[in-house]
Structure formats: structure tokens, C-alpha cells
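Keep in mind the model is a prediction, meaning the values are calculated, not measured. Residue numbers begin at 1 in each chain, while the letters A, B, ... track the order of the sequences.
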Amino acid sequence: MRKRLSIYLMCGPETPALAEAAVAGGADLLELGFPFSDPLADGPVIRRAAERALAQGMRTAACLDCLAQVRSRVEVPLVPMTYASLLEAHGWDAFARDAEARGATSLIVADLPVDERPELRRVQLVAPTSTDERLRLAAGSTDGWLYLVTLTGTTGPRADLSPALAGLVERARAVTGLPLLAGFGISTPEQARAAAGLADGIVVGSRAVEIAEEGPDALSRYVASLRQAIDA
Amino acid sequence: MSSGLYGAYGGRYVPETLIPALDELEQGWQDALADEAYAAELAHLASTYAGRPTPLTAAERFAPGKRLYLKREDLLYTGAHKLNNALGQAVLARRLGKGRIVAETGAGQHGVATATVCARFGLECVVYMGSEDMRRQRPNVERMGLLGAEVRPVEFGTKTLKEATSEAIRDWITNVETTHYLIGSCVGPHPYPQIVRELQAVIGREAREQMLELEGRLPEAVVACVGGGSNAIGIFAGFVDDPDVQLIGVEAAGAASLGSGRPGVLHGARSPVLSDEDGQIADAHSISAGLDYPGVGPEHAALRDSGRARYLGATDEEALASFRRLARTEGLLPALEPAHALARVEGLDAELILVCLSGRGDKDLAEVMSLTTGSPP
């Protein structure tokens, strides 16, 4: 089966064009960051991107507009990724409803473990520290696929693919048949290939956000290099 | 395991990576509470190292017409109530087998308390501090260094306590297997608000006994300053089951999460926060670095909603006036944080009043002097 490639982009004025470029390069799914002032799960790259986006006025309403514009340009699943504070302020149900109305396929909330707000449909994240019981819990309530956080740490490029991924994939496979996408610390084609050799797909965030600053063509070429690596 | 909810507040809004560590911490905490040896070790440290019990001092000249008592946490070693919590959590971390401690600090009081206990127990200590706070609180930075702690500057955002807390949590996410996060206030994900409250409850237990001994009755009102709220929740704990005792928290007017915040999610818990309508966290402003935080402990929010406690505000100017007045009338230099609590004493509908003097003012001298330059004392 074709390995899935998810690309994370921060919402901003350039995002619709960048989203198109990412899909042209071979992305199967896009995560759209709704910036938060205090993002606990994010490393320096996405933190700086969030600061910039907020300075550009990318509040929830503008991010929802951005989502709708991206939807009008691409066919792939779109998943807003954000933090609980934005949902608390907008209203938990209203956030999910408004995102869906603008074309979101699901949601990812980085600081909302499976036990909090179980009624909110979303893609669940699991980590190397998750117990088997929690893997089962997350797999049982996740929306379509399971997000495997490859390492204990925040988002951002690392020199090497996390050695914890193989064990996490094995434990997750034992409890679910759903697709497993590995993210955090994957930035190079070599890491992409290795991670996709273990999981059903990969998520690339920080490096994509960095390259996106160079414009749509650069992003498209970068995504294509990841696509080629995981298809090989 | 308990839910960790205080009414609609509290919970665990953290990345999944931390949940097993919070479960482990909760289990370790419950085991410690059930173990007489833990309580005995804390009691021994309190009396032989920290300087407990701290006295109650009558402040007759500060508040004529009232009977005002001060609970003297300023006399605790390191100069503030923060040591109660740091000692308790350090012993807990050792029980959990964690050899490395991370903490956040604003003014540096919690950082100094943490560095102190880490030195005492031979634990590796990393303290995150906003670079702006490091500039303002140089002596505490140097103190932490002398105690063997590594102080890491945080250059993001406001470069103050909010960012330092986020960065400490990120360190914990990264090093969760080896590290205990020694949070400084009754905030954060469950079970932290509960742990910090229990470790600070010694303030209220002692004060209640001392009050009965000195006055033969309970105070009509108990007053404490509230930033995250740990000294307040600690002294309130001694009186919360006495319905006739008014509980009054005093926030900095420019950092009044309970007074003017809205429900939000910050640093792992749902609680009132200063934020905009989209949930972006706002900057707090206070002359007192210890109250300069846009969030507050979830138990305070529940006490506010139930009406059991009331929360008032005090401005920078009111706090400064109380600071000077306590110095001139009682010979006590309070920290600027409890000076906020002192500022509300006069207007209270109560005669016998207990105020938590949570820390001493030495750390604030430069700040106070710079603000009084040119005006007669």
C-alpha cells in the first residue's frame, strides 16, 4: 500500500498557495497549524512560525478562512492542528463544527490526551511513553489514523530518526489495524524512508515550515524528495 | 486515580508523552501520603533545616482598630513559603528515583528554593528563567549558581515566568524518564495542584493552632496574595472547613486571572487565565514578579465560584504603600507579593485578621528604591 505523506503548514496569507504546492509535490494529507501563544509540544521552528502568524493576525477566524481557501484549492484531507486553549475559547463543539464546515477532515489537539474531552472527534497522538493500555484507548477513539510521536520531546528536526519508533510501531500494531503515521523529528528523505519502512506513513512539520519560507516551488521540490524517498 | 477536577477546572491538558509520568507521580504521591516515613522526614526537615514552625506576629501599629496577625513565612529559610513545596517535592522525586530536577522561576524565589533542596539532596538542577527576569533579579540568579543549579535563559515571547514555565514543561517532555518537574505553584496538570496544596497546607495548620493559642478563637478573615496561589491555598487549607472564617485572596490588579480572566487552558490545566477572545494568552503586568502570571490554580477558581473564598485586587501603588507602611510601623520588610494582601486589610469587615506574610522583601529592594527615588520616604 502507498505510504502516506502528511505535511504540516502554519496558517498564514501564503498558505493556500503553499498547500497547493505541497500536494503537487506528493502530499496525501495536510495539517494546518492554528497558532497558539504558548505551544507546549512545539520546538523552536514552529514556535517562531506561530509567533509570526499571530503577529500577522492569524487568529481563529482568520485560520478558519485560511482552511476554507485551502479546501477550495486541494482535494486531500485537511486536519487543523492546534491547542486546547483555542477550542476552549471558541467553544469545543463550535470549533469542530466550524472547522468541518470549512472543509476540515478531522482535528489534532496537541495538548488534549485521550482521556480529556473524549466526545471531541480527533486524531489521537501516542508516544513512546504511552502504556499498552493507553495505546488501546487512543486507537479505540482516534479518527481514522493514529499519530505516533516518534520521540519524547517537542517538534523539530533531529540528526537521527528516533530509535523508539520501531518499538512504538510494533506495540501499536498489536492493538489496531488503523494506519499509523509517524511524526516529530523527521526532516530528511533518509529519515522519511526509514520511518515509512516501519509505519504506514509520515508527518513532516518543522522542516516543511522552514522550506515554505522559500516559497511554493521550493516546498514542492522538498515534498517531492520525501515522496520519492518513501515510495522507493 | 482521582479526576483532578475542581468543579469545572483542573485536569490534564498536556501532550500524551507526559501522561504516564503524571500517573507515576500521582501513584508515588499517594504512596508517600500513606507512608508515615514521608511525613516524618518532612517534619524533620521542617524543624531542623527550614525553620518551622514560623511564628505569628501581632502587627498592632500597622492596622490600628484591627487585631492583625502575620503568619511569618518570610522567616522560613530562603525567605519565602516556596521552600515548603520544594522540600516536599524533592523528597518525592528521590522516592520516584528521579535524579534530575527542572523548575521554572519568575522572581527567582522558587528557583532559589529548588536549587537549595537539590543541593541538599544531591540532585541535578536546571532552572528556566525568562531573560528579562534574569536581568531584573540578578542576585537570585547568582544565588542559584552558587547552589550548583544551571539557570537557562528563556528568550521567547515575554521572556518572563509564562515562557519559563512552558520551557520547563518542554524540558520535562524531553527528559521525562529521568526528570522530575518541580512546579512552584498550585497550577499545572493534575496531580500538581493537589501536591502543592498539601505541601503548603502546613502554613494553615500551624496558623490555626497558633491563632487558637494566642486568641482563643479563629480569625474572622484570612488574607493572602494570589499569583498562581500557593501560599493562599496553603493558608486557606487550615480554615476552609470553618465556615465562619472569611477567605480572601488578593491579586495584582494587572494580573487578576480570577478577577478579570476567562476560562482557558494554560500549562496543563483548565482555569481562569488572562487571554483574548481567541484563547491567546495575554501578558500580565505587576510590580511584583511573583504575581506576574496570567494563570491561577484551579482550586482557587472553584473556591471563587462556590463563594467560599473572595478575590480582590490591589494596584502596584497600593502594594508599595503597604510595603512602606509595614516597614515603618512594624520593622518588617515584606515581599511585594504579600504587600498586596496587606493593602486590603484596612477595608475588611473583620476585626481579627490573619495575613500570610509569604516572603521577605530583600529581593524587592532595588525595585522599590528605583520607584521611590526623588520622593521623600
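- Most heavy-atom pairs under 4.5 Å with chain B: of the set A/A138, A/S85, A/P128, this distinction falls to A/S85.
- Of the residues considered (B/V273, B/L18, B/D276, B/T165), B/D276 shows the highest number of contacts with chain A, using heavy-atom pairs under 4.5 Å.
- Taking chain B as the reference chain and counting heavy-atom pairs below 4.5 Å, the highest number among A/L112, A/L54, A/T131 is found for A/L54.
- A/D115 meets the side-chain contact (heavy atoms from CB on, under 4.5 Å) test with A/P113, A/R134, A/L137; sequence neighbours excluded.
- Relative ring orientation between B/Y181 and B/W172 is described as tilted, the plane-to-plane angle lying within the 30° to 60° band.
- B/R262 CZ: more than 12 foreign heavy atoms inside a 6.0 Å radius.
- Contact count against chain B (heavy-atom pairs under 4.5 Å) is highest for A/G153 among A/G43, A/A84, A/G153, A/A127.
- Side-chain contact of B/Y128 with B/E163: a donor-acceptor pair under 3.5 Å is absent, judged by distance alone.
- Between chain A and the options B/A21, B/P20, B/S275, the largest number of non-hydrogen pairs under 4.5 Å is found for B/P20.
- Annotation: maximal heavy-atom pairing with chain B below 4.5 Å, among A/Q124, A/R117, A/E116, A/H90, occurs at A/E116.
- Contacts between B/I281 and chain A at a heavy-atom distance below 4.5 Å involve backbone atoms as well as side-chain atoms.
- Taking 4.0 Å as the cut-off between side-chain N and carboxylate O, A/E88 and B/R270 count as a salt-bridged pair.
- Residue contact with chain A, scored on non-hydrogen atoms closer than 4.5 Å, involves the backbone of B/E277 exclusively.
- A salt bridge is absent between A/D42 and A/R48; no separation between the charged side-chain nitrogens and carboxylate oxygens falls under 4.0 Å.
- For the set A/A41, A/A110, A/A61, the count of heavy-atom pairs under 4.5 angstrom toward chain B peaks at A/A110.
- Of the listed residues (B/K162, B/R170, B/E16, B/H267), the greatest number of heavy-atom pairs within a distance under 4.5 Å of chain A belongs to B/R170.
- Rounding to the nearest 0.5 Å gives a distance of 5.5 Å between CD of B/E251 and OG of B/S257.
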